[in-house]
Student: 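Sharing a structure, written as structure tokens. Questions coming.
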Amino acid sequence: MASGTVKASLSEARPPQHSLENHRRVVNFLVRYLHSHCPFLVSEIVESGSLGQGTTTSADADIDLVVMSLDVPKIDNARWLPEKLEKLKQELARGSSGQPPHVSNMSNSVLGEAIPGCSNWKQTRFALQFNCGGYDVDLLPTYDWSISPGGYKELYSLCMTQESHYQ
């Protein structure tokens, strides 16, 4: 394949610059909003998926955010996560509708802004999924093992104590 053909193919696969800028605007807003209004303390938000890896294509322009916190339990996600996801959904829906945020620790940079058009809410066992600013978004809350006293060694030990079909 000629070099020009490869460059042309790559250029066609990448989203247009204005789309990437809008994508980044929605991600930045969600990150700021979640840090200020999440119903649990957020230690870090990690962009994962194709956007986080810098491999977004026109056909796969979605937003995957891992919301890390020491405030969420380490285990038994099926018991505690649905309630956390529902609270997170309510807060994001409130912000998207332009209503005042429910959480009191608002930052002035987000206070006057509504989240850009969020809708089509769906909750799975482990994620909150919705559309925001024209992009499909997956929010995945998880315990922040990176700053936990036991760290990843504790995570490994917990994994090894689970039933074999969970390992």
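In what follows, residues are counted from 1 in the order of the sequence shown.
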Student: Quick one: CG on L140 to OG on S48, what's the gap to the nearest 0.5 Å?
Tutor: 6.5 Å

Student: Please determine which of D64, I45, L65, I63 meets the side chain to side chain contact (heavy atoms under 4.5 Å, CB included) test together with L139.
Tutor: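 Among the candidates, only L65 passes.
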
Student: Between S69 (side chain only) and S43 (backbone N and O only), is there a donor and an acceptor less than 3.5 Å apart?
Tutor: no

Student: Rounded to the nearest 0.5 Å, what's the gap from CD on E83 to CG on L88? Could you check?
Tutor: 12.5 Å

Student: What's the shortest heavy-atom distance between Q123 and P82, and which atoms?
Tutor: NE2-O, 3.1 Å

Student: When you compare the side chains of N22 and R25, does any donor N or O come within less than 3.5 Å of an acceptor on the partner?
Tutor: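 Side chains of N22 and R25: pair found under 3.5 Å.
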
Student: Do the side chains of K84 and K89 get nearer than 4.5 Å, heavy atoms only?
Tutor: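 No - every pair of side-chain heavy atoms lies 4.5 Å or more apart.
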
Student: Look at the side chain of D71 and the backbone N and O of L41, then say whether any donor-acceptor pair between them is shorter than 3.5 Å.
Tutor: yes

Student: May I ask you to test the P141-L85 pair for a side-chain heavy-atom distance under 4.5 Å?
Tutor: yes

Student: Using the ring of each side chain (for Trp, its six-membered ring), is Y143 parallel, tilted or perpendicular to W145, with breaks at 30° and 60°?
Tutor: perpendicular

Student: If we ignore hydrogens and angles and just use 3.5 Å, is the side chain of Q129 paired with the main-chain N or O of V137 as donor and acceptor?
Tutor: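 No, the answer is negative, given that no donor and acceptor are paired below the 3.5 Å cut-off.
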
Student: Indicate yes or no: at least one non-hydrogen side-chain atom of L34 is less than 4.5 angstrom from one of L92.
Tutor: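 Yes, at least one pair of side-chain atoms sits under 4.5 Å.
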
Student: SG/C132 to CH2/W121 distance, rounded to the nearest 0.5 angstrom?
Tutor: 7.0 Å

Student: What are the two closest non-hydrogen atoms of H23 and D62, and how far apart are they?
Tutor: NE2-O, 3.0 Å

Student: For a quick test of reading the model, state the closest non-hydrogen atom pair linking L81 to R125 and the distance between them.
Tutor: CD2-O, 3.2 Å

Student: When you measure from the side chain of T142 to the backbone of M68, do you find a donor-acceptor pair of N or O atoms at a distance under 3.5 Å?
Tutor: no

Student: side-chain contact (heavy atoms from CB on, under 4.5 Å) for F130 and D136? Distances and angles first, verdict last.
Tutor: CA-CA 6 Å; F130 55 99; D136 290 331; over 6 Å; no

Student: Within a strict 4.5 Å, meaning less than it, do heavy atoms of the C38 and E91 side chains meet?
Tutor: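 SC-SC contact between C38 and E91 ruled out.
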
Student: Roughly how far apart are D138 CG and T124 OG1, rounded to 0.5 Å?
Tutor: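 One gets 7.5 Å once the value is rounded to the nearest 0.5 Å.
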
